[in-house]
Amino acid sequence: MAGHRVAMFRPYPFKVGQKIHIEQGPRRGDWEVIGVSDHKVKLKCPVSFREFDWSRFCYFVEEREIHEWPQKH
């Protein structure tokens, strides 16, 4: 049976104190994670020291071969 190439997404597990780099988009650049909740992440710019509370928006992505798509839940 042939598989399907599927992109898998899950919320990124931010940790307070992490230094991150966002490669693209309006939030691109370097940030420090200074707060995390189930729905929000608080980031601080290391240059301007401005702080922002945003809904969690970063997702880890991987592609893998799966045999059943769409998957039955």
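Treat the numbers as computed from the prediction; the structure is a model and nothing was measured. Residue numbers start at 1 and run along the sequence shown.
Taking the side-chain hydrogen bond (donor to acceptor under 3.5 Å, both in side chains) definition, one finds that D53 meets it with nothing, sequence neighbours left out.
Between I34 and L43 there is no side-chain heavy-atom pair separated by less than 4.5 Å. Between Y12 and R56, the closest side-chain pair of non-hydrogen atoms is not below 4.5 Å. At least one side-chain heavy atom of F14 sits under 4.5 Å from a side-chain heavy atom of I20.
Applying the salt bridge (charged side-chain N to carboxylate O under 4.0 Å, His left out) test to every pair with at least one member in residues 37-48, sequence neighbours left out, gives these pairs: K42-E51. For the side chain to side chain donor-acceptor pair (under 3.5 Å) condition, the pairs that include at least one residue of residues 26-36, sequence neighbours left out, are H21-D30.
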